[in-house]
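What follows is a single structure, written as structure tokens, with notes after it.
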Amino acid sequence: MELDYQFSENLVLRSVKDQVQRAGTCVPSLPEPQPMSAEREQLLDQVANVIRVIGDSLDQKPEFNDMVDGFARVADRQSFQMLVNKVFVDDITWGKIVTLICVVGKSIAKILADFVSGFVSWTLDYFRNNLLRWICNRGGWINSISSLARYSFERDFGTSSSLTSLSCGVFFISGLLLGGLIVWRLNRSA
């Protein structure tokens, strides 16, 4: 459970830093991520890339941008709690977890630097208190890379079984195989 929390913490920190850098926002330094094995770092890079791609596609949706703008205007713990309660109203899914990470990163990139440590703290508290058990019950981050890749694929191409091009299918299968290899190596070394 602790390894999955550490992974969650590093993923949130990496995603927030990425969004802030991409927006060109200047913020005070964030907490440093905890050191992880090379295999876990590689997996973290993959998951962070999936989140970046999903975040970029969410940017195309006006309702997502309205949510980020509205949240960035109020930026307090109570509003954060109301937001996550709306995101997870029915249940927890990998897609909703990724959406939460995207909302937090994009909100931080829009608001004053004074709120950055608060946002990160609220998000990590929420992960520890509300999401960690769910993540662990589904095999943790490491065993769930295929679920995240499938979510990303369905988000980009829909649930239709027909691929728009052979190269997309090859890219997706390659990602799944690479993710499977990483999971296999991590499980062997654990």
So do the side chains of Thr123 and Phe80 get within less than 4.5 Å of each other, counting heavy atoms only?
-> yes

Are Ile135 and Ile97 side-chain neighbours, meaning at least one heavy-atom pair lies under 4.5 Å?
-> yes

Sub-3.5 Å donor-acceptor pair from the side chain of Asp4 to the main-chain atoms of Leu132, do we have one?
-> no

State the NZ-CG distance between Lys61 and Asp66, to the nearest 0.5 angstrom.
-> 13.0 Å

Beyond-backbone contact of Leu100 with Leu131, side-chain heavy atoms, under 4.5 angstrom = yes

Pro33 and Lys17: which non-hydrogen atoms are nearest, and at how many Å?
-> CD-NZ, 4.0 Å

pair Asp59-Asp56: side-chain heavy atoms closer than 4.5 Å = yes

Nearest-0.5 Å distance, CG of residue Asn49 to CD1 of residue Ile54 = 11.0 Å

Quick one: are Phe127 and Trp134 in side-chain contact, heavy atoms under 4.5 Å?
-> no

Which heavy-atom pair separates Gln6 from Pro35 by the least distance, and what is that distance?
-> NE2-O, 3.0 Å

Any chance you could measure Lys106, atom NZ, to Phe64, atom CZ, to the nearest 0.5 Å?
-> 6.0 Å

Just do the side chain to side chain contact (heavy atoms under 4.5 Å, CB included) check on Val47 and Arg14 with the steps written out, would you?
-> CA-CA 10 Å; Val47 175; Arg14 172 141 336 149; over 6 Å; no

Please step through side chain to side chain contact (heavy atoms under 4.5 Å, CB included) for the pair Val84 and Trp122, ending with a clear verdict.
-> CA-CA 10 Å; Val84 294; Trp122 305 335; over 6 Å; no

Return the minimal non-hydrogen interatomic distance between Cys102 and Gly55, and the atom names on each side.
-> SG-CA, 3.6 Å

After noting the C-alpha distance and the side-chain angles of Asp125 and Arg77, does the key distance pass the side chain to side chain contact (heavy atoms under 4.5 Å, CB included) rule?
-> CA-CA 11 Å; Asp125 288 348; Arg77 188 175 190 99; 3.0 Å; yes

To the nearest 0.5 Å, what is the distance between CZ (Arg52) and CG (Asp45)?
-> 9.0 Å

Determine whether Leu44 and Val12 fall in the same hydrophobic cluster, where Ile, Leu, Val, Met, Phe, Trp and Tyr are linked whenever their side-chain heavy atoms lie under 4.5 Å apart.
-> yes

Min side-chain heavy-atom separation Leu58-Thr99 under 4.5 Å | yes

Where does the angle between the aromatic ring planes of Tyr126 and Phe88 fall among parallel (under 30°), tilted (30 to 60°) and perpendicular (over 60°)?
-> parallel

Walk me through it: do Met36 and Phe7 pass the test side chain to side chain contact (heavy atoms under 4.5 Å, CB included)?
-> CA-CA 8 Å; Met36 297 189 307; Phe7 190 92; 4.2 Å; yes

When you look at CD of Gln78, are more than 12 heavy atoms from neighbouring residues, nucleotides or ligands closer to it than 6.0 Å?
-> no

Kindly indicate whether the side chain of Asp90, heavy atoms from C-beta on, has any atom under 4.5 Å from the side chain of Lys96.
-> yes

Under 4.5 Å between side-chain heavy atoms, hopping through other hydrophobics if needed: is there a path connecting Ile92 to Tyr5?
-> yes

Shortest non-hydrogen contact from Ile51 toward Ser15 | CG2-OG, 3.9 Å

Over 12 non-hydrogen atoms of neighbours within 6.0 angstrom of CZ in Arg22 = yes

About how many Å separate CG of Leu13 and CD1 of Ile101, when rounded to the nearest 0.5 Å?
-> 10.5 Å

